[in-house]
Amino acid sequence: QVQLVESGGGLVQAGGSLRLSCATSGRTFSRYHMGWFRQAPGKEREFVAAINWSGSNTYSADSVKGRFTISRDNAKNTVYLQMNSPKPEDTAVYYCSADTLWSRITLTKNGEYWGQGTQVTVSS
């Protein structure tokens with residue numbers, strides 16, 4: 001079992017920056033590929049970015065490329081989402097997810113374990 005706890009959400013102005021963190025506990029963090037997803041009110045869950053177990057490979061949605069960066073620190077059992085130049089349309093609850101299958105996160109846009117989410121609100 002893997003427990004995931006997101007933090008770092010809040011209110012940010014458009015064009016500013018925010019860093020989300022997802023701390024994990026339980027089984028070995030470095031075994032898992034990690035992903036960030038988001039869900040806005042009335043919308044379906046959307047894939048944001050993923051990073052493989054070693055951090056050597058990342059994959060991002062077109063909507064955030066060049067603005068958001070996913071990274072991880074295996075020594076701290078934590079994955080990050082650096083959000084630069086956010087836009088009002090980035091407003092959503094952001095969730096992190098963990099999975100041992102890269103394809104499940106990047107192709108099916110799903111994951112085995114989920115956090116409880118953190119709210120990000122971008123003001124114009």
Study note, to complete from the structure: Residues Ala14 and Pro88: closest non-hydrogen pair is CB-CD, 4.1 Å
Exercise for review: Show the numbers, then the answer: is there a salt bridge (Lys or Arg N to Asp or Glu O under 4.0 Å) between Lys87 and Asp90?
Suggested key: CA-CA 5 Å; Lys87 305 174 183 179; Asp90 294 320; over 6 Å; no
Practice item. Would you mind telling me which of Thr78, Val5, Leu81, Thr118 makes a side-chain contact (heavy atoms from CB on, under 4.5 Å) with Ser21? Key: Thr78
Check your understanding: Is there a path of hydrophobic side-chain contacts, each under 4.5 Å between heavy atoms of I, L, V, M, F, W or Y residues, that connects Val12 with Val93?
Key -> no
Point to revise | 4.5 Å side-chain heavy-atom contact, Met83 and Leu20 | key: yes
**Study point:** Side-chain heavy atoms of Leu11 within contact of Gln119, under 4.5 Å
**Key:** no
Check your understanding: His33 and Arg72: which non-hydrogen atoms are nearest, and at how many Å?
Key -> CA-NH1, 4.1 Å
Check your understanding: If every non-hydrogen atom of Tyr32 is compared with every non-hydrogen atom of Thr28, which pair is closest and at what distance?
Key -> CD1-O, 3.3 Å
Review point. Does Gln13 CD have over 12 foreign heavy atoms under 6.0 Å away?
Key: no
Exercise for review: Grab the two heavy atoms, one from Ala92 and one from Ala40, that are nearest each other, plus how far apart they are.
Suggested key: CB-N, 3.8 Å
Check your understanding: Taking C-beta and beyond as the side chain, do Tyr95 and Leu4 meet within less than 4.5 Å on heavy atoms?
Key -> no
Study note, to complete from the structure: The reported gap from CG in Asn77 to SG in Cys22 (rounded to nearest 0.5 angstrom) is 10.5 Å
Review point. Rounded to the nearest 0.5 Å, what separation is found between the OG atom of Ser60 and the CZ atom of Phe47?
Key: 6.5 Å
Exercise for review: Determine, stepwise, if the pair Arg38 / Ser63 fulfils side-chain contact (heavy atoms from CB on, under 4.5 Å).
Suggested key: CA-CA 12 Å; Arg38 65 188 182 187; Ser63 59; 3.6 Å; yes
Point to revise | For the student: nearest non-hydrogen atoms of Pro86 and Gly16, plus distance | key: CD-O, 3.0 Å
Point to revise | Whether Asn52 side chain and Asn57 backbone form a donor-acceptor pair below 3.5 Å | key: yes
Study note, to complete from the structure: Between the OG1 atom in Thr24 and the CD atom in Glu6, the distance rounded to the nearest 0.5 Å is 11.0 Å
Point to revise | Shared hydrophobic cluster for Trp36 and Phe68 (ILVMFWY, side-chain gaps under 4.5 Å) | key: yes
Review point. Hey, any chance Val79 and Tyr59 share a hydrophobic cluster, counting ILVMFWY side chains that come within less than 4.5 Å of each other, even indirectly?
Key: no
Exercise for review: Decide whether Tyr113 and Ile51 are clustered together by the hydrophobic rule: side chain heavy atoms of Ile, Leu, Val, Met, Phe, Trp, Tyr closer than 4.5 Å, transitively.
Suggested key: yes
Practice item. Given side-chain contact (heavy atoms from CB on, under 4.5 Å), test Thr100 with Trp53 step by step and report yes or no. Key: CA-CA 8 Å; Thr100 55; Trp53 67 274; over 6 Å; no
Exercise for review: Keeping the roles fixed (side chain from Asn84, backbone from Ser17), state whether a donor-acceptor pair exists under 3.5 Å.
Suggested key: no
Review point. Going through the distances and angles, do Met34 and Ile105 end up as a side-chain contact (heavy atoms from CB on, under 4.5 Å)?
Key: CA-CA 8 Å; Met34 302 296 295; Ile105 285 185; 5.7 Å; no
Check your understanding: Do side-chain atoms of Gln82 reach the backbone of Arg19 as a donor and acceptor pair under 3.5 angstrom?
Key -> no
Review point. Transitively linked via ILVMFWY side-chain contacts under 4.5 Å: Val2 with Ile70?
Key: yes
